[in-house]
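Heads up, the thing below is written out as C-alpha cells.
All values below come from the heavy atoms of this structure, side chains included, with hydrogens, waters and symmetry mates left out. Below, chains carry the letters A, B, ... as their sequence lines are ordered, and counting in each starts from 1. These numbers come from a predicted model, not from an experiment.
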Amino acid sequence: MSLPKHYDAQAAEKKWYQYWMDKGFFRSTPDEREPYTIVIPPPNVTGVLHMGHMLNNTIQDVLIRKARLEGKNACWVPGTDHASIATEAKVVKLLREKGIKKSDLSREEFMQHAFAWKDKYGGIILEQLQTLGASCDWERTRFTMEPKLSKAVIKVFVDLYNKGHIYRGLRMTNWDPVAKTVLSNEEVIYTNENSKLYHVRYRIAGTENEWLTIATTRPETILGDSAIAVHPEDERYAHLAGKKAIVPLVGREIPIIFDKYVDMEFGTGALKVTPAHDMNDNEIGERHNLKVIDILDDSGALNEAAQFYVGMDRAVARKQSAKDLKAQGHIVKIENYTNNVGRSERTNAVVEPKLTEQWFLKMDTFAATALAAVENGEVDFFPPQMLNMYRNWLTPDNVRDWCVSRQLWWGQQIPAYYTADGKMAVAETQEEALAILNKDGGSYTAEDLKQDEDAVDTWFSSWLWPMAVFDAFEDPTELKYYYPTNVLVTGWDIMFFWVARMIMAGYEWSGDLLGPELAKEKGVHPFKDVYFTGMVRDNKRRKMSKSLGNSPDSMELMKKYGADGVRYGILSCSAAGNDVIFDAPFDKKSGKSLSESKLCETGRNFSNKLWNALRLIKGWPTKDSPPSTVNRLAVKWLDQKFNETLESIEQSFKTYRLSEAVKTLYNFIWGDFCSWYLEMVKPDYQQPIEETTLEHTINFFEKLMTLLHPFMPHITEEIWSHLREREEMDRCTNSTWPTGGEYDEGFLYKVETMKSLIASTRDIRKRNQLKDKETLDLAVQDGEGARIFLAEMGMAETIVKMAYLSSLTYTTEADHEGQGFIAGTEQYYLLFEKTIDVAAEREKLEKELNRLKGFIKGIEKKLSNERFVAGAPAAVVEKERKKLSDGKAKIELIENELFNLK
RNA sequence: GGAGGUAUAGCUCAGUUGGUUUAGAGCGUUUGGUUUACACCCAAAAGGUCAUAGGUUCGAAUCCUAUUAUCUCCACCA
C-alpha cells in the first residue's frame, strides 16, 4: 500500500461527513445515558457563514464531540432565526426591484413572497455548517417562525398579558414620513450632516424688551413649543423662575422650567422644549407635565395645530420660518453646525420622532431574576468577568421595559384583537378573543374584530429557543430529558438581547413544564454555562463585516485549507471572551480581504504532518524480538508525557480554554510525538521495528487521534481508518476518550534534560560547520550526578542515537579539545579537532556566569529572609533551595571552564 | 455622558487561586540542511526594563490606585 505524499483534505472531509450522516452518528434520542445538550444560537435564515459563525460553531462542535467521545448522549440542536427586520428589509428590497411595493400587497400576499424567498435562499448556512463538520442532529433542525414555534410565542404572549406583565403604551418611535411607518432603531442610520444652528430669542412675558435666547436646528418646531428649559444651577437664568416666555410667530405663552437635562455649556444654555417631536423633550415634558403639541402629519408636513405653514413640508417650513423669524427680529445669529441626523434605511427620509402605541413587557422582576441566576451561580459565565457587564445592564437603574412590538409583517402577529368601539382582547385565537369580549353578554362576531397589525420582536421568539426546540410548550417529554442545556456558546454583544432574556424565559416557564420535582432536581436555568466568544476582527482591529469587505470568504478558506485547517486556525487564536484578530491579508488593489490565513495554513500543515506520521509508521516492517532499551525508554516516556498532557488538556476544557487545549495538543503531537518519540523509535532505513514497539506506537497514535478529534474531526477519522483493520462502526467519532494515568515529574524532567543535551550538540555542530551525520564522541565529566542521570534505562543509548555519537564516555580530565557545554547540572564535551576562539568563548561563558550570579543572588536574598522561610509553603522553599544548589553547581562548572580556557 | 474590557517578543496571543517564569507558543526574521514520513519539512539562533507612575506583600507580568493608549456596549449630541 502506498499513501500519497500530501493529505487530500477535500476528498476526506466530504467522504467522512457523508459516512457519519449515513451511520447516524449525530442523531440523539433520549435514553438512559447522561445527556449533553447544546442549542445552536440560530443564525439568520438568509445569512451566509462568516468568520464569527465559524468560530462559534467550531467551539460548539468541539464541546459536543468531546461529550460524545466521553460516552454522553450528545445532542446539538441546529436551526435558524427568522430575523424579522433584516429579512423583511431584504424581501421588500427584492420586491421593489421587481416593481412591487409592499404597500400594494396584503399581509397574506407579502408573507407568501417572504416564505417563498426563505424556502429558496434560506438555510444555505446550514449546509455550510456541514462543510465545517458540525455534528448537529440535523433531524432536529428548527426555525423560529415555523408553526409550532410561532404557536409557543403566541401562547407566551397571552400568558404574560394575563399575568399582567404586558401592557400597551405610548412611546417615542422613529417615524419614516415617506414610507409612513414606524422604524426600529436598527433601521435608522445616523450620519453627520451639515446644518445650521439658529439662535432665536423669545420675549419674556410681561416685559417690553427682556429676551431669552435658545439655540435650535429646527426652527419650524417652535410652533409646537411647550416650554423653555434651563439648568436649575444656571445663575444666568435663576431670576426667570416662575416667569413665562412668548413663542414667536404664534404668540403663545409658555413656562420657563428648570431641568437638569439641560447642558449649560451648549448654545445659550436655554433649551426650547417640543415634547411631540424630540425624544428628550418628551421625557422633560413628562417630568414637568407639559402639553404635547403635535404639529406634523404622517407625511412630515405641518398640520392645523401648527397654525402657520399648514400643509408645507417640514424642510420647506424650516427655511420659511427662519426667514419670518428674522424679519420679525427674533434671530440673534445663525451658525454652521454639524449634527447627527437619522435617516431611514429604506427610504433615506430624515426620521421624525413620533409618539405611537406600542406593546411593552415589564422588566423589573424579570431583570432581577436573570441577574440573580448568574450571581448565585446557577448559570456560570466564561470568562467570569463578563458578569460585570451583565450586572451593569440588569441593574434596576438601567433596565427599561422591553418594547416587544415591531411594525413589521415578517414575524408572529401580535395576538391582540380590537373592536371598532374600542374594546380589546388578547388571546391565542380569534375565537378565544371573541369569547372574552362576549363574556358579559356582548355579541361581537369575527367580522367585528381587527387583529393588531404589528409583529413581535424577533428576540421575543428567540428567548424561548432552548425550550421551544424541544416542543416543550406542547409536550415537555423531551425537555425533561435534555433540559437544562449544558452550555450556550455566543458572542457577548447579544448578552442582553438574548442571553439574559433566555434566562428570564427559563425561570418563567420551565419550572411548570418540568414539574416541581424535576425543576428542583435539575434547575430551571436554560443552560449551565455560557461561553462568550469574542468578536472576530481583521488585522486592523475592525469588526469583520460584509460592507467593509474585510472578511475572508469562509467557503474559500475551507476549500484552500480544509475544514480542519480552518477550525484549527480560528480556534488557536480565540481565547474565551477576548476579541479574535483573524489575520487575513488584504489585496492592496481592492482593499478586500484575501481568503488567506497563516493560522489556517498552520492547521493545514498540521493535518499534513499527521498524515506523514501515518505514512512513516505504515512503512515499517516488523520483527518479533524484545524492544531495545532506546525504545523502552521512548515508550515509557511518551506514556507518562501523554498522561501529563491529558491532565493539562482536561484542565483547559474545564474552563473552556479551548485554544489552550488545542495548542497543547499541537505541541505534544508535533514536538513530542513526531520530533522526539518517532525519531527515537524509528528503525534504520529498511530495518524492521519490534512488533511490541509498533503496537505501542499505534496505540499512542490512536489515543492522540481521539484527543484531537473534537478539534479536527476529518483528518483524525481518516487516520483512524488507516491505523488498523476496522469494523464499520469502529470510527474515531465514536471512539472512547482516553483516561489519564500516573506520571513521574522527576523522570519527565530527566528526559527534558536529555533533549536539551541533544539540542546543544546539534548547536555545536552547526556553529562549527560539522555535518549532523558526522559521528563524534561525547565525554561527560565523571561524577555522581552524571552517573545517576545516565543510569536511567536507555538514556545513554538514546543520546548516542539522537545526537549521532560514536560513543558517550566518562572523563576526569580538565582539558579537552572540542567544545564544552552544560546540560542539566553536568559538564559535557563534544570532541572534535578545533581551534578555539578563546576570547569569544570566554565572553560567552562570562555572560552566562553573570546571568546565573544574578539569579542566585535573587534566590539567596529570598532564602535569607526569615519571613519567607517561615511564611511560604514548605514546597516552595524546597524548590528555591533546589534552584539555588543547581545554580551554584552550574556556576562552579562555568568557573572551572573559564579557568581551563587559556 | 454612563459602563465594561484590553495593554507581555516585529505580529497574533498564552501565562489558570501571587512562588521551579529575570517570562512561553505560533507566525515572521536570521543561520544551516538534497537526513528515504513530511520543504505543507528538519535542525538551531536572535528577539521582551511584562504600557507608565505609585502602593500592598517576605515575594508582583499576576492584587490595589492613578495616568495614558486602545476597543466595545448603552444613552445621546437642542
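- Between A:Trp393 and the phosphate of B:U72, there is no side-chain N or O to OP1/OP2 separation shorter than 4.0 Å.
- OP1 and OP2 of B:U36 both lie 4.0 Å or more from every side-chain N or O belonging to A:Lys682.
- The phosphate of B:A37 has neither OP1 nor OP2 within less than 4.0 Å of any side-chain N or O from A:Lys5.
- Residue A:Asn667 places its side chain closer to B:A25 than to any other of B:A25, B:A44, B:A37.
- Residue contacts for A:Trp620: at a heavy-atom cut-off of 4.0 Å it reaches no nucleic acid atom on any strand shown.
- Nucleic acid contact class of A:Val273 (heavy atoms, under 4.0 Å, all strands): none.
- One finds no side-chain N or O of A:Lys771 lying less than 4.0 angstrom from the OP1 or OP2 phosphate oxygen of B:G32.
- The shortest distance between the side-chain N/O atoms of A:Asn388 and the OP1/OP2 oxygens of B:G5 is below 4.0 Å.
- Heavy atoms of A:Ser675 sit under 4.0 angstrom from primed sugar atoms or phosphate atoms, though from no base atom.
- Comparing atom distances between the A:Asn605 side chain and each of B:U36, B:C40, B:C38 picks out B:C40 as nearest.
- Along RNA chain B, the nucleotide nearest A:Thr602 and the nucleotide nearest A:Ile856 are compared for position; the residue whose nucleotide lies closer to the 5' end is A:Ile856.
- A:Asp281 comes within 4.0 angstrom of no nucleic acid atom, judged by non-hydrogen atoms across all strands.
- Phosphate proximity of B:A14 to A:Ser659: absent, as no side-chain N or O sits under 4.0 Å from OP1 or OP2.
- B:G26 atom C1' lies 13 Å from atom CD of A:Glu660, rounded to whole Å.
- Among the heavy atoms of the strands, none lies under 4.0 Å from A:Ala229.
- The pair A:Glu660-A:Lys663 does not meet the salt-bridge criterion, since no charged nitrogen lies less than 4.0 angstrom from a carboxylate oxygen.
- Using cut-offs of 30° and 60° on the angle between ring planes, the pair A:Phe711 and A:Phe653 is tilted.
- With both pairing distances under 3.5 Å, B:C50 is matched to nothing as a Watson-Crick or G-U wobble pair.
- Looking at heavy-atom distances under 4.0 Å, A:Ala613 makes contact with a base.
- The aromatic rings of A:Trp459 and A:Trp498 are tilted relative to each other, their planes meeting at an angle between 30° and 60°.
- Contacts of A:Glu774 with the nucleic acid, taken as non-hydrogen atoms under 4.0 Å apart, are absent.
- Candidate nucleotides B:C38, B:A44, B:C40 were compared by shortest atom distance to the side chain of A:Lys609, and B:C38 ranks first.
- Within 4.0 Å (heavy atoms only), A:Lys663 reaches sugar-phosphate atoms of the nucleic acid but no base atom.
- Remark: A:Lys272 does not engage A:Asp278 in a salt bridge, criterion side-chain N to carboxylate O under 4.0 Å.
- Candidate nucleotides B:G26, B:C76, B:A14 were compared by shortest atom distance to the side chain of A:Asn280, and B:C76 ranks first.
- At a threshold of 4.0 angstrom between heavy atoms, the contacts of A:Arg762 are confined to the sugar-phosphate backbone, with no base atom among them.
- To the nearest angstrom, P of B:A75 lies 16 Å from CG of A:Asn282.
- Side-chain N/O atoms of A:His722 and A:Glu718 include a donor and acceptor closer than 3.5 Å.
- Between the side chains of A:Thr697 and A:Tyr677, at least one donor N or O sits under 3.5 Å from an acceptor N or O.
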